[in-house]
Each structure stands twice: as C-alpha cells, then as structure tokens.
Amino acid sequence: MTETALTYSPDQAEAHDRIAEALRGVGVDIEDGTLMPPDDGRRAVMAVLGKAGSGKTLLLAALTRALEEAGVETISGDWEGRRRRERRTLAILAPTNKAASVLRMRGVPATTIHRILYTPVYHPEYEKIAEWLAGQGEKPVIEGLTDLALDRALAFYRAQKSIPGALAAAGLRGSDFITGWKRREEPLDIGLVDEASMLDAQQFEDLQEIFPTLIIFGDPAQLPPVKSTGGMVFESLPAPARLELSRIHRQEAGNPILDLAHALADPALDFHGFERMVEDAARRDGRVRLAERVEVDLMARSPVLVWRNATRIRLINAFRAVHEAPETELLPGEPLVCDGIELPLKHRKKRLDLEARGLIKGAQVVYLGPGKRAGFSRLHIIGAEEPRLSAASIVKIEKPDEQEPFIPFAANMGAVFLHGAAVTIHKAQGSQWPDVQVFAPDIYAAARMGRSEAGQPLWKRLAYVAITRAEERLYWVVRNRLSKPSAPLSVADLEVPSAPLKLEAEE
C-alpha cells in the first residue's frame, strides 16, 4: 500500500484494498508495482460513495499516484502518444471544467469527459515536440524554434504536464499545432471519474465503452441529473460493486460548513431548526456568515445559488443594474454560463473544436470583450486548462415576467450564453468556490412545499448541495437585498500567468 494509505480511515483502507483487488484482476498490481498487458475480456466497474468530507478525493488521488508509480501512463486529453499493445493507461475525469480544475488544484491531473471523447489532431512537425516532451522521441530540430524556446517548453512540461501549455511557452499558438479534433475511435484502459452524481445514463454507457475498468466517485446525498428519470447511475450497480465511505476524514474535522451539511441527515431536523444551527455556527466561526443581503462583489466570480429560476433572473438583473450595465452590450468581467452551441451539422468540426477547448454546456465563462468580428466575443473559460478563446456568441439576458430573453448582441450562430451572476443549485453541482452565497428564502420555499426526492425532503438535498459548494466561507443569505459594488467590474484577476494560447475561433 502507498504511504498515503497510512493516513486512511478504516473504510478508506477497505475501499483501497477492494479496488486494488479489482485492479489485480485486470492485470494491474498497485501493491507490487507490476503490470500485465491489457486483456480485452477482463472488465471491472466499481463506485466509491460518500458524503462531503468522507475522503473520496484523497482516495482518488492516492490511487492515481499508485497507478502512476506502477507504470500506468496517464492520458490527459491534450495529446496522446503512440499506442503500444502492452501499454496500460489511466484517465482521471470530471463532468465539467470547474470540477476538473478542483481536482487539478489538489494535484490530480484531471480533464473533462468531453476532452477524452474528442482528441486533438496535431501538425506532424509539432507532434515531434510532443513526443520528445513525453519521453517518446529525441529532441527535434524545428524550423523557426530555437533551442532556448524548446528548453522553455521542456521546463514548462516538467512543471505542468501540459503539452499545449508547453508549446505555448515555446511561443506557438494553438492554431499552429492543433489542426482539428476527432472522436476517439479506440478504447482506453482505466478510468477514474469524479462527481458521478452528475452523470446521466448515456454518459455512463459511453464511459463503459471507452474504459474496460471504470471506478466512479460520487456523493449519494446530492441531486440527480436534471433530466434523469432513474436516479443516479451508481444506484444500478450491484451492492458488492458499491464501496461506502462514512467517516469524515481527519483533515475535515472541525469544519463548520461540513458539520452543517452532515446535520441535514437527521430526519427530525426541520428548516427552522437548521437555520438556528446556521446562526449558532456563524456566532462561533467566521467561515459561516448569516448575511442580511447578497454581496454583489462576490457574484462576478461566484454565483448566488438559488432553487427557483424566477429568483435567479431577478438577481441577475439586479446585478447588472447596480453595475449600470447597458442593455445593448456586456461589460468586461460579466460572468456567463454556456447554454449550448447552436451550429448546423455542416459545422460539426467547429462544434468539436469549441467543445474540446472547454466551451461545453454548463461551462462558466467570463466575458473579456468583443472579438475582431461582429457577434464574436473574447472569453475566459473558468477551470479550463487553456482558458482564453474567441467565439461567435449568442448572449441571452432573461427578464423578470417576460417569456423571451433580451439578446443584447448575437452572431447568426455559435455558442449560446446565459448570465452567470446567479445559477440554480442543480447547475452548481460539481463546482466549488472559495466563497458561496446561498439564497435561503428559496430553500425555505422548497421546505414549505413539502416535496421529497429519493426519500429525502427536497429542501435538505438543495441545502446540502448548496453549502458543500463552499471551500472556505458560506454566506447564508436571509434577506432579498443586494449590496452596492465596491469597485467596477474588472478582468485583472483573470490574467493568464504564462504565455496564453491564442485559440481563435474566428478564422
């Protein structure tokens, strides 16, 4: 067992051993560090389930390290080397860019499910650089690139393990070395998938086609996918394939936000009792705050979490009003959420290009300014590994009591965006922010309705998902009020530290 396993709780250790046994059955021994060639006939599907703070991410990270130490090759989604028959591969996946970035910040080389479904096609000349960086070839001689530029690329890759980032550090643009995208034609090997409560049945089926060995990590207390009719995908697995983590891990002990989340499991607790617990926690610990108003400064990067769409629309319009945003245009720094891509079939390649770069439905985006052509926007995709791009945009601003949204500007076709200053709790699943504002009157409205979901009062599921989005501070907002901004909207916080890829979609 790895050194990390020495800090395991008993249920984590049992889950680790069960997974290690399953991996041995498919020819990967993480205890002895030995590998057998892949066998197409051997398959395994397992689920690791636990509430927030039970140590799912710690276990996922430890398994990732153990697999890498055993010689399993990690596939990142930004470049894939030459296939070898005996090669064993691993991909760590999340449903959204934000969820993948949460894992990357914790040292786990995660990418999105979409980036594994669709792989980039590299220019042959620059693929030589990728092969050299990955240790699969000699240092190449490339016209126009000096040894100093290649050394910068190597230094970046050793620190970040990103081929596109390394090539950007050498002074190349994305359009120089990526010529297109294609759907993966051959399966991979081992897949670890976080935030499995967000998966729908079709995604789960697609993942099982790609990965003969699939281990998914999920929280059974979260909300099922919006369009799901059969609950969460891991509920269909047989009991021996579901590994339960119940103990709150030691690093999470004394966290008042998680204490509140776990208190919701008490069947005797009603909404008013829970709100009194929030008040008590706020008096004891600054990480929980009972707020008399929504803080508008936080909304630019951390949306207010609501249950009802009507509440979401009112808060968005209030946010734009206090910033004096004109109806006919967006201000740089306004947050957006991608609502899909509207392109006809003949532009399928362009759709794949945008989606593979991170512009998928649900992606959180910040508007940077107009593009070079009418209807195009320069955008920053929150959580994407290469966040900057320019794309044809259709921006919809929904209005209270109006059926049709207002469209300040739009291309004829392209990526569709809604405003992102407030989002529903369903849409927030898989994301985390340092500061999270939860609009408590909406939770109370759900409690008054008395609805249940999967045997649990709906308000408790909503409250659980909402408050566990907070990494550092939880604002429990009890009044329908909005503060004034302390400063104009800005994009200074989004500066890319290294040479950014200029992934232009306007060409």
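- Applying the salt bridge (charged side-chain N to carboxylate O under 4.0 Å, His left out) test to every pair with at least one member in residues 132-142, sequence neighbours left out, gives these pairs: K139-D147, K139-D151.
- Side-chain contact check for S9 and D11: at least one donor-acceptor pair (N or O, by modelled atom type) lies under 3.5 Å.
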Verdict with reasoning, V193 to I215, per side chain to side chain contact (heavy atoms under 4.5 Å, CB included): CA-CA 6 Å; V193 184; I215 304 169; over 6 Å; no

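- With sequence neighbours excluded, no residue satisfies side chain to side chain donor-acceptor pair (under 3.5 Å) with Q203.
- More than 12 heavy atoms of other residues, nucleotides or ligands sit less than 6.0 Å from atom CD of E209.
- Atoms CE and OG, from M232 and S197 in turn, are 5.0 Å apart once rounded to the nearest 0.5 Å.
- Applying the side chain to side chain contact (heavy atoms under 4.5 Å, CB included) criterion to T64, with sequence neighbours excluded, gives L60, E68, L90, I92, V108, P109, L192.
- In this structure a side-chain-to-backbone donor-acceptor pair under 3.5 Å is missing from R378 to S390.
- For the atom pair L223 CG and W307 CH2, the distance stands at 11.0 Å (nearest 0.5 Å).
- Residue P224 comes nearest to Q429 through the heavy atom pair O-NE2, 4.5 Å, listed as atom of the first residue, atom of the second, then distance.
- Checked against side chain to side chain donor-acceptor pair (under 3.5 Å), R289 has the following partners two or more places apart in sequence or in another chain: Y475.
- Atom OG of residue S54 and atom CG of residue L258 lie 9.5 Å apart, to the nearest 0.5 angstrom.
- Shortest non-hydrogen contact noted between T468 and A261 is CG2-CB, 3.6 Å.
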Worked verdict on R152 versus L148 for side chain to side chain contact (heavy atoms under 4.5 Å, CB included): CA-CA 6 Å; R152 284 201 308 270; L148 180 60; 4.0 Å; yes

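- Shown here are the ring pair (Phe, Tyr, Trp, His ring centres under 6.0 Å) partners of W476, two or more places apart in sequence or in another chain: F274.
- Under the salt bridge (charged side-chain N to carboxylate O under 4.0 Å, His left out) criterion, R287 pairs with D285, not counting sequence neighbours.
- When all heavy atoms of F156 and A166 are compared, the closest pair comes out as CD2-N, 3.3 Å.
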Carefully, step by step, assess S431 and Q364 under the rule side chain to side chain donor-acceptor pair (under 3.5 Å). CA-CA 10 Å; S431 296; Q364 296 165 39; 2.9 Å; yes

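- Interatomic distance, T213 OG1 to I19 CD1, rounded to the nearest 0.5 Å: 11.5 Å.
- Distance alone, capped at 3.5 Å, places no donor-acceptor pair between the H262 side chain and the G53 backbone.
- Applying the side chain to side chain donor-acceptor pair (under 3.5 Å) rule to D493 yields the partners R301; only residues at least two apart in sequence or on another chain are considered.
- A search for side chain to side chain donor-acceptor pair (under 3.5 Å) contacts involving D219 returns Y464, not counting sequence neighbours.
- A422 meets the side chain to side chain contact (heavy atoms under 4.5 Å, CB included) test with V304, R312, L315, I316; sequence neighbours excluded.
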Stepwise side chain to side chain contact (heavy atoms under 4.5 Å, CB included) test for H16 and L63: CA-CA 8 Å; H16 180 282; L63 288 169; 4.0 Å; yes

Side chain to side chain contact (heavy atoms under 4.5 Å, CB included) evaluation trace for L305 with K427: CA-CA 9 Å; L305 303 187; K427 290 285 180 66; over 6 Å; no

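- When atom types are taken as modelled, the side chain of K56 and the backbone of E195 share no donor-acceptor pair closer than 3.5 angstrom.
- The backbone N or O of L418 sits nowhere less than 3.5 Å from a side-chain atom of D339 that would complete a donor-acceptor pair.
- In this structure a side-chain-to-backbone donor-acceptor pair under 3.5 Å is present from S302 to D435.
- With a 4.5 Å cut-off on side-chain heavy atoms, L49 and L245 do not count as touching.
- For the salt bridge (charged side-chain N to carboxylate O under 4.0 Å, His left out) test, residues two or more places apart in sequence or in another chain that qualify with R42 are D39.
- R106 places no side-chain N or O within donor-acceptor distance of the main-chain N or O of L58, the cut-off being under 3.5 Å.
- Scored by the salt bridge (charged side-chain N to carboxylate O under 4.0 Å, His left out) test, D206 finds no partners at all (sequence neighbours excluded).
- Between the side chain of R88 and the main chain of E73, no donor-acceptor pair closer than 3.5 Å is present.
- Contact check for T89 versus R87: side-chain heavy atoms found under the 4.5 Å cut-off.
- Under the salt bridge (charged side-chain N to carboxylate O under 4.0 Å, His left out) criterion, R461 pairs with no residue at all, not counting sequence neighbours.
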